Each structure stands twice: as structure tokens, then as C-alpha cells.
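Working notes, beginning with the structure itself.
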Amino acid sequence: MKKLIILLVLVLSIGSCDDGFEELNVNPTKPTELAPANKLTYVQLYTGGSNYVAYLFWNMIHLMPNVQHINITSYGPAFSYKEGHTHWFFEEQYKTTVKNIVDLIVKLESSDANTAAADLAIANIQKVLIFSRLTDAYGDIPYSEAGKGFLEGIRFPKYDKQSDIYADMLATLESSAATLSSAGPNSYGSNDLYFGGDNAKWKTFANSLMLRLAMRMVNVDNAAAETWATKAINGGVMQSNADIAYTQYEDNPDSGGPNVNPLTKCFTSRVENQVKISKTFMDFMKDRNDPRVSVLCSTVDGNTDFNLQFGQDINDATRSSANSKPNINIFGGSGIIVYDAPFFFQTYAEVEFMLAEAAERWGLAGGNVEEHYNSGVRAAMEYLSMYGHGINITSTQIDDYLIANPFVAADALKMINEQYWIATFGNGLETFSNWKRSGYPQLVPFDLAASTTGGEIPRRLVYPSSEKLNNPDNVAAATAQQGGDDLLTRMWWDAN
């Protein structure tokens, strides 16, 4: 098991920050004196989230209800279609991960250590992970000038076009994967929370992220999407659940900070009548006799019997003991505390579903759509055992599911992306992004959408008011070049 390294001294030395893009107001020698391994640990922890309250608002109140994984009864559907709390993700990531990954990269670029090449390649892949999540949430964002307040005196960075950000991220992944093909060892070792310093796994992750970014572009630049998908597949993507990119958290008394799983902390903090599985999600699984019902869902007292699970309509904000919650035995809730669950950034199941789509669209990955689809379903069920607590969907159960719900070639894109929707439960941003790109599943907006969003499900998070106050000229320019700054503004790749 990956061991979570908690570096209190590190957090105290580089965790201080100002509002908006105000850079570190501490001794500037402290961050650069830290070993790269220690800084990577900090960055990886904060990539997951610095505070569960932030994750609660942008993921659980906005994105997971928007894709109808859950019904956030503790706040009601109105919160999911409001702009007021979409700033959390932006502000916490720029204050923590962005400024520190940029500092780490600058340090490594001038290092003469024999591990510098591999260290830099890994840091650059981590940077792509960070910025890909931010741009997928907001669209045009600070990128080329971000995190350079102390380094170059850029306190108010410009907002780069998402198309330019994607081009640079893809090139970065390509060059980093190439470096890791021949580089010597890195210095990270066990301080690397994702892969324990394994260069080969980082190369695989780089190519798998490349495939994700390529698929994002299918509706805006199909030719480029095919080109980059081809490069990713030829370079070598995830081959099993052993390649999954995740952080394994541990129990920690600091239950409000970055050292506990932000998703399960959010679920743990809710009582029995708050946070229910949505009827949309539940009915989709139960109609197909999906064994994941008894893994992802439970009654409010923890019973996982399939026949006792019921979802709550997305328009029903009633708080009661009726209807299922996310399984409290693995996610927490109803008084059960779970802080030590894995937190997933990209899974092998997601990769197999993207391979299936690449095979369907362009004949890539061997051209066998059904084989990749079935492998994706299998991986999506098997990886849930990583939550522990005796979870084990058997091969027989998976076989029975695939027989009862066979792949239909005529419905390939629909089936692939509906399964992606299930496989990414808990990762609201990835589910949200793939739903926007693919159009599947075909979701019905909340009733209140008629009076709040013109009858549509939101398409992005809006820029923070702190940015509009502190960096007004660049926010205004970004708003103009992107065509607006509201929940329905379409970002560059969102052309579906």
C-alpha cells in the first residue's frame, strides 16, 4: 500500500499565501531549499485538495449533482445551479499546487543532479494534471504566467486560451514521456504518493493523460484528437488496475486539512438525511442488475442489500432516512468516519473506455471496440476492491453482467460513455467533463433550470470574485475572448 507522507514542517514553510494571485510572503529561500522529493509530496497532497470545505462546494454541491450522481439534500438543488461557490477550486489550487509545482520545475531546470532529468519530467506531468483539471473546470485560465509572482514579479497573470493550454500540455506530456523512456532514476522514491518513484508508471500515466486530453478535443478538432490519441496509444497507456493514478490516504487527526481523503471527508461530514444517491444514477444501475449497486450504495444504516437500495429524485430536497446514500461503509456518513480511502485521478477503466471510443471513431487500439468496452466494464468493477472493507465483485458477477447487458455496436458511443459515467463516480470533474464532451448519458436538468439557467445544465465553473477584484483587466480579457463568464459559457473544447 502506498504510504501517505505527512510533512507538517513542509506545509508550514510553504503553505502561507495571500488572496488571489498574491505570491508567497515568506522567506523566498525556504521553498527552493526543500528537496524535490519533499516538494512533490506537498504538491500531490494539495492536488487532491487543501481543505474538504472547498471540495464540498465545488465537487459535491456543484459537479456531482450536475451529473446526477448524487442528490445534495443538505443544500438543495438550487445550490447546484448557482455561481456563488464555484471559486473554491480555482483559489485553492493556485495558492497551493500551482505556485509550488512552478517553483519545483524552475529549480529542476537549473539542477545538475543526476536525477534532475527524470525529476523534471515527472514534475511536468504533475503540472499537466493540475492545469488540465483547472482548465477543464473554468476554460481560459492563467497558465504561462501562473505561479511566477516571486520568480518573475508577475502578480497578475494573463489568462491563456484553452486551445493554447491544451497544445502546450500535450507537447509537455509527449516530451516528458520521451525523457522517461531513457532517463535514469528519479529522486522521489516513496515521497511520490502516486507511483513510488516508478519512471515506467509515470510514462504510462503521461500517455494516459495524453489520451484523455486528445478525446476532449474530438468535437472541436477531430484531426488533432486522432493524432494525439494515436501518439498516446503507441506510447503505451494503462494496461491494468495496477497502473491507476491515485493517492492512498491514511487516518489522520487533522481531519480538515489535506491529509485526509477530501471526498470521503465530505461524505463523512454529512448526517444520514444528507447526500443521497440520485434516482437517475440508481435506476440506471438497478435496471441492468449492476453489482456495483451494493458497492457504491447503502441504506442510511449501512445495509448494502441490492433490493433495499433506492435513489432520490434530483428535484426532491427532502431530508429523511429514506433512500440510499453513497455507501457509508467505504465513503463514510451517518456517523461513520472514513478518512483513509483512495482518491483517484485516473483509472484504467477510464482508459479502456477511451480506447473503445478511439477504436470506434478512428479504428485505433486494434479496432476492437467491444473488447475494449468489456475490459473497461471489468476494470471498473474490479478496481472498487481498492476501497477495502471486503469489497469484491467476482469474475462471475462481471461475466453475468456483460452477458445480460451485451455490447451493441450501433450504440457504441452511447454505451461507452454511459459506462464512463458510472466508472468515475466520486470524481465529479472528470464525469462532468466527459458528459459535456460526449453528451452521454442524456440527462434531464433540474426543474429549477427553467428559471435559473434557461432550462440547461451548467457547462463550467465561473471565475472567482476575488480574481475580478484583484486581476480585473485580465479577467475581463478572458471573459471577452471566451465569450462570457457564466455557468453556461462554452469553453473551447465544449462544442458538443
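Since the structure is predicted, the reported quantities are computational estimates derived from the model, not experimental observations. Just so you know, these numbers use all the heavy atoms, side chains as well, and skip hydrogens, waters and symmetry mates.
- Between the Lys468 side chain and the Val475 main chain, no donor and acceptor come within less than 3.5 Å of each other.
- Without hydrogens or angle criteria, Thr247 side chain to Tyr249 main chain gives no donor-acceptor distance under 3.5 Å.
- Surrounding NZ of Lys201 are more than 12 heavy atoms belonging to other residues, nucleotides or ligands, all under 6.0 Å away.
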_Walk me through whether Arg212 and Arg216 qualify under side-chain contact (heavy atoms from CB on, under 4.5 Å)._
CA-CA 6 Å; Arg212 175 188 280 179; Arg216 290 278 199 270; 3.8 Å; yes

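- Using a 3.5 Å distance cut-off with no hydrogens or angles, the side chains of Thr424 and Thr431 do pair a donor with an acceptor.
- The side-chain tip of Lys286 points at the ring of Phe306 from less than 6.0 angstrom away and within 45° of straight on.
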*I would like to know whether Tyr383 and Phe344 meet ring pair (Phe, Tyr, Trp, His ring centres under 6.0 Å); could you show each step before the answer?*
CA-CA 10 Å; Tyr383 95 92; Phe344 299 100; 5.0 Å; yes

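- Without hydrogens or angle criteria, Gln346 side chain to Ser208 main chain gives a donor-acceptor distance under 3.5 Å.
- Rounded to the nearest 0.5 angstrom, Leu104 CG and Lys99 NZ are separated by 15.0 Å.
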*Can Glu92 and Arg133 be said to form a salt bridge (charged side-chain N to carboxylate O under 4.0 Å, His left out), step by step?*
CA-CA 13 Å; Glu92 76 158 2; Arg133 297 172 79 227; over 6 Å; no

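- A salt bridge does not link Lys279 with Asp313: none of the charged nitrogens is closer than 4.0 Å to a carboxylate oxygen.
- Ring-centre distance between Phe345 and Phe205: not below the 6.0 Å cut-off.
- Contact annotation: the side chain of Lys436 approaches that of Met491 to within less than 4.5 Å [non-hydrogen atoms, C-beta and beyond].
- Considering all non-hydrogen atoms of both residues, Val237 and Thr204 come closest at C-CG2, 3.4 Å.
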*Given the rule in the side-chain contact (heavy atoms from CB on, under 4.5 Å) test, do Leu129 and Thr47 qualify, once you have shown the distances and angles that lead to the verdict?*
CA-CA 9 Å; Leu129 174 64; Thr47 300; 4.2 Å; yes

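- Judged by distance alone, the side chain of Trp435 and the main-chain N or O of Trp421 form no donor-acceptor pair under 3.5 Å.
- Within the cation-pi definition used here (under 6.0 Å to the ring centroid, within 45° of the axis), Arg460 qualifies as a partner of Tyr463.
- Using a 4.5 Å heavy-atom threshold, the side chains of Ser278 and Gln312 count as separate.
- The cationic atom of Lys127 (NZ for Lys, CZ for Arg) lies less than 6.0 Å from the six-membered ring centre of Tyr143 and within 45° of the ring axis.
- The closest side-chain donor-acceptor pair between Ser324 and Gln309 falls under 3.5 angstrom.
- Side-chain atoms of Cys266 and Phe331, non-hydrogen and from C-beta on, never get closer than 4.5 Å to each other.
- For the pair Tyr138 and Phe89, the minimum side-chain heavy-atom distance is below 4.5 Å.
- Closest approach of Ile101 to Ala123, counting heavy atoms only: CD1-O, 3.6 Å.
- With no hydrogens or angles considered, a side-chain donor-acceptor pair links Asp119 and Ser187 at under 3.5 Å.
- Listed here is the closest heavy atom pair of Asn427 and Asn59: C-OD1, 4.3 Å.
- The closest donor-acceptor contact from the side chain of Asn124 to the backbone of Thr172 lies at 3.5 Å or more, if one exists at all.
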_Test salt bridge (charged side-chain N to carboxylate O under 4.0 Å, His left out) applied to Lys95 and Glu91, step by step_ = CA-CA 6 Å; Lys95 288 178 180 179; Glu91 291 177 340; 5.2 Å; no

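- Side chains of Ile122 and Asn199 form a contact here, defined as non-hydrogen atoms less than 4.5 Å apart.
- Put simply, the side chain of Asn315 gets close to the backbone of Asp447: a donor and an acceptor are under 3.5 Å apart.
- In this model, no donor atom of one side chain and acceptor atom of the other lie less than 3.5 Å apart for Thr396 and Asp399.
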*For the pair Trp202 and Asp192, evaluate side chain to side chain donor-acceptor pair (under 3.5 Å) and give the outcome as yes or no after the intermediate values.*
CA-CA 10 Å; Trp202 272 102; Asp192 168 14; 2.7 Å; yes

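- In plain terms, the two heavy atoms of Cys297 and Ile277 that are nearest each other are SG-CG1, 3.9 Å.
- For the atom pair CD1 (Ile70) and CE (Met282), the distance works out to 13.0 Å, reported to the nearest 0.5 Å.
- Side-chain contact check for Asp340 and Asn261: no donor-acceptor pair (N or O, by modelled atom type) lies under 3.5 Å.
- Between atom CG of residue Asn66 and atom CG of residue Leu487 there is a gap of 8.0 Å, rounded to the nearest 0.5 Å.
- For the atom pair Glu430 CD and Asp136 CG, the distance stands at 7.5 Å (nearest 0.5 Å).
- Note: Trp88 and Phe57 have parallel aromatic rings, judged against thresholds of 30 and 60 degrees for the angle between ring planes.
- Lys276 places no side-chain N or O within donor-acceptor distance of the main-chain N or O of Pro326, the cut-off being under 3.5 Å.
- Under the 3.5 Å distance criterion, the side-chain polar atoms of Gln44 are matched with a main-chain donor or acceptor of Leu193.
- Side-chain contact of Asp305 with Asn303: a donor-acceptor pair under 3.5 Å is absent, judged by distance alone.
- Counting heavy atoms from C-beta outward, Tyr42 and Thr96 have side chains that approach closer than 4.5 Å.
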*Applying side-chain contact (heavy atoms from CB on, under 4.5 Å), run through Met169 and Met210 and close with a yes or a no.*
CA-CA 8 Å; Met169 291 192 301; Met210 187 188 298; over 6 Å; no

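- Note that OH of Tyr440 and CG of Leu413 are 6.5 Å apart. Values are rounded to the nearest 0.5 Å.
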*Check the pair Tyr387, Leu384 against side-chain contact (heavy atoms from CB on, under 4.5 Å), reporting the backbone distance first and the verdict last.*
CA-CA 6 Å; Tyr387 281 106; Leu384 295 173; 4.0 Å; yes

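- Between the side chains of Gln68 and Thr280, at least one donor N or O lies within less than 3.5 Å of an accepting N or O.
- A side-chain donor from one of Asn417 and Arg437 sits under 3.5 Å from a side-chain acceptor of the other.
- A distance of 11.0 Å separates OG1 in Thr347 from CG in Asp243, rounded to the nearest 0.5 Å.
- Thr135 and Gln162 share a side-chain donor-acceptor pair at under 3.5 Å.
- Using bins of under 30°, 30° to 60° and over 60° for the plane-to-plane angle, the ring pair Phe90/Tyr94 lands in the tilted bin.
- Using cut-offs of 30° and 60° for the angle between ring planes, the Phe425 and Phe267 rings count as parallel.
- Side-chain rings of Phe353 and Tyr348 stay apart, their centers remaining 6.0 Å or farther from each other.
- Taking the ring axis of Phe284 as reference, the NZ or CZ atom of Arg288 stays within 45° of it and closer than 6.0 Å to the ring centre.
- Closest approach of Ala206 and Ala177 over heavy atoms only: CB-CB, 4.2 Å.
- Contact detail for Asn207 and Ala232: the closest heavy-atom pair is O-CB, 3.2 Å.
- For the residue pair Asp316 and Thr318, a side-chain donor N or O sits within less than 3.5 Å of a side-chain acceptor on the partner.
- Remark: aromatic rings of Tyr373 and Phe407 are close, center separation under 6.0 Å.
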